[in-house]
Amino acid sequence: MNSYEQTGYACLENFFSEKELIAIEKILIQFHERWLFDHAADYEKGVLNSHSLTSGEYLNEEEKAALFEFISQDKLAELLKAIFPKTPIFLNTQLFFNPKNADQKNYWHRDIQYTGMTVDDQKKAIQTQNVVHFRIPMKSEPGIELIPKTHREWDSPKEFEVRNALNGCRPSDALERGEVIKLNRGDLLIFSANMIHRGIYGNDRFSFDVIFCDNIPEIKSFVNRDNLPSAKILGTLKNKVFFDFL
Ligand SMILES: O=C(O)CCC(=O)C(=O)O
């Protein structure tokens with residue numbers, strides 16, 4: 001996974017078979033329908049993702065087990081070992097969809113900018129810390145725009161202004177170094193959450209993101225134990241090492 005370490009992302013086309021996707025698709029749709037029912041007001045206000053599919057009441061044990069079986073499959077485990085310096089841990093899951101209002105603008109960001117860390121600490125943290133999204137689109141989607149190499153490199157002055165809405169810039173302004181990665185059903189996009197990136201809305205997108213991170217106290221504090229597999233589910237998984245760490 002040289003390309004990942006150098007650029008902060010890797011797109012693996014046709015990584016998943018139809019059979020593998022069909023095994024989780026209904027479960028994702030079911031979670032989404034229940035989430036939408038309970039979060040109509042949030043959706044109305046512009047929310048475009050949900051999270052924590054493996055905790056709470058929207059899915060039953062059997063459905064959660066199917067998601068964990070998918071997440072812990074060997075071919076993902078191999079990628080995780082290749083990408084992270086040491087064995088990572090499972091952080092959470094998310095679903096990404098379009099905002100209700102088709103005119104809603106997207107926003108450049110680094111995930112770390114929402115942690116409350118100082119900018120100086122963020123600059124240091126991205127040198128060594130790793131939080132990685134595995135994006136699994138259920139439909140063809142316009143994808144993600146990202147700025148290669150910014151998983152380890154800090155912003156240009158303009159990029160910093162845009163993603164922080166400073167000096168009259170808006171977080172949706174075009175950035176010169178942006179690279180759009182379009183995705184099809186079956187593809188897997190791996191990208192570092194450290195990077196400057198933004199979602200591109202459209203095509204009724206519906207993407208399942210699985211997030212992994214370093215097994216270090218600074219990031220581990222963001223893990224919600226409720227999202228981890230129950231002892232019974234854990235017992236059935238092949239690659240327990242990503243889940244059995246608390
Ligand atoms: O797809 C999106 O809307 C944004 C994705 C994103 O920012 C993320 O996964 O951290």
Side-chain angles (χ1 to χ4, degrees), residues 4 7-12 28 31-32 35-36 39 42-43 45-54 71 76 79-80 83 88 90-117 122 125-126 129-148 150-152 155 159-160 162-165 170-175 177-185 187-214 219 222-224 227:
Y4 174 81
T7 61
Y9 73 95
C11 183
L12 307 178
L28 303 180
F31 179 92
H32 186 52
W35 181 91
L36 273 178
H39 293 83
D42 297 325
Y43 183 55
K45 279 190 211 136
V47 170
L48 48 88
N49 64 62
S50 57
H51 61 85
S52 304
L53 281 74
T54 55
I71 294 169
L76 286 180
L79 284 176
L80 286 166
I83 278 169
F90 167 75
L91 178 59
N92 207 344
T93 49
Q94 288 183 289
L95 287 175
F96 283 88
F97 39 89
N98 283 334
K100 179 156 192 219
N101 174 358
D103 296 327
Q104 185 170 312
K105 300 268 193 251
N106 60 6
Y107 54 99
W108 290 104
H109 64 282
R110 298 179 187 264
D111 287 11
I112 201 170
Q113 77 187 67
Y114 306 118
T115 56
M117 286 167 84
Q122 291 177 33
I126 66 162
Q129 294 182 9
N130 303 290
V131 178
V132 180
H133 277 256
F134 280 58
R135 167 157 295 207
I136 301 146
M138 292 294 127
K139 300 177 180 180
S140 293
E141 64 168 56
I144 294 277
E145 186 170 7
L146 42 76
I147 301 194
T150 53
H151 62 316
R152 300 283 179 238
D155 310 47
E159 288 160 1
F160 189 80
V162 165
R163 76 176 166 91
N164 290 292
R170 286 160 307 178
S172 61
D173 287 350
L175 287 175
R177 297 199 292 162
E179 205 166 290
V180 176
I181 316 291
K182 285 190 189 155
L183 298 170
N184 289 313
R185 181 175 168 95
D187 295 348
L188 168 66
L189 174 67
I190 304 170
F191 68 96
S192 166
N194 288 348
M195 306 184 83
I196 304 175
H197 63 279
R198 62 174 174 175
I200 309 286
Y201 311 151
N203 281 16
D204 196 22
R205 69 187 189 140
F206 190 58
S207 242
F208 180 44
D209 279 32
V210 186
I211 307 158
F212 293 89
C213 63
D214 291 326
I219 313 184
F222 293 102
V223 175
N224 176 355
N227 284 315

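Remember, it's 1-based here, ligands and their atoms both numbered in the order they're listed. Heads up: numbering here begins at 1 and tracks the sequence.
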Which ligand 1 atoms, with their elements, are less than 4.0 angstrom from a heavy-atom of [X]?
X      : result
Leu48  : 3 (O)
Asp209 : 9 (O)
Gly199 : 1 (O), 2 (C), 3 (O), 4 (C)
Ile144 : 1 (O), 5 (C)
Asp111 : 10 (O)
Arg135 : 1 (O), 2 (C), 5 (C), 9 (O)
Phe191 : 9 (O)

Is there a donor in the side chain of Asn194 and an acceptor in the side chain of Thr150, or the other way round, less than 3.5 Å apart?
-> no
Pair Asn184, Ser140: side-chain N/O donor-acceptor within cut-off below 3.5 Å | yes
Indicate, as side chain, backbone, both or neither, the part of Asn49 found under 4.0 angstrom from ligand 1 when only non-hydrogen atoms are considered.
-> neither
Heavy-atom contacts under 4.0 Å between Asn106 and ligand 1: side chain, backbone, both, or neither?
-> neither
Give the residue, atom name and distance (to 0.1 Å) of the protein heavy atom nearest atom 9 (O) of ligand 1.
-> His133 CE1, 3.0 Å
Which residue holds the protein heavy atom closest to atom 8 (C) of ligand 1, what is that atom called, and what is the gap in Å?
-> His197 NE2, 3.4 Å
Angle class for the Tyr114/Tyr107 ring planes (parallel below 30°, perpendicular above 60°, tilted otherwise)?
-> perpendicular
Check the angle between the aromatic planes of Phe134 and Phe212 and answer parallel, tilted or perpendicular using the 30° and 60° thresholds.
-> perpendicular
Inspect the surroundings of NZ in Lys139 and state if more than 12 heavy atoms from other residues, nucleotides or ligands are less than 6.0 Å away.
-> yes
What residue among Ile144, Leu188, Leu183 forms side-chain contact (heavy atoms from CB on, under 4.5 Å) with Cys11?
-> Leu183
Looking at ligand 1, does any of its N/O atoms fall within less than 3.5 Å of an N/O of [X]?
X      : result
Arg198 : no
Tyr201 : no
Arg205 : yes

Any His39 side-chain heavy atom under 4.5 Å of Ser50 side chain = no
Taking all atoms of both residues into account, what is the closest heavy-atom pair of Ile112 and Ala125, and its distance?
-> CD1-CB, 3.7 Å
NE2/His197 to CZ/Arg110 distance, rounded to the nearest 0.5 angstrom?
-> 10.0 Å
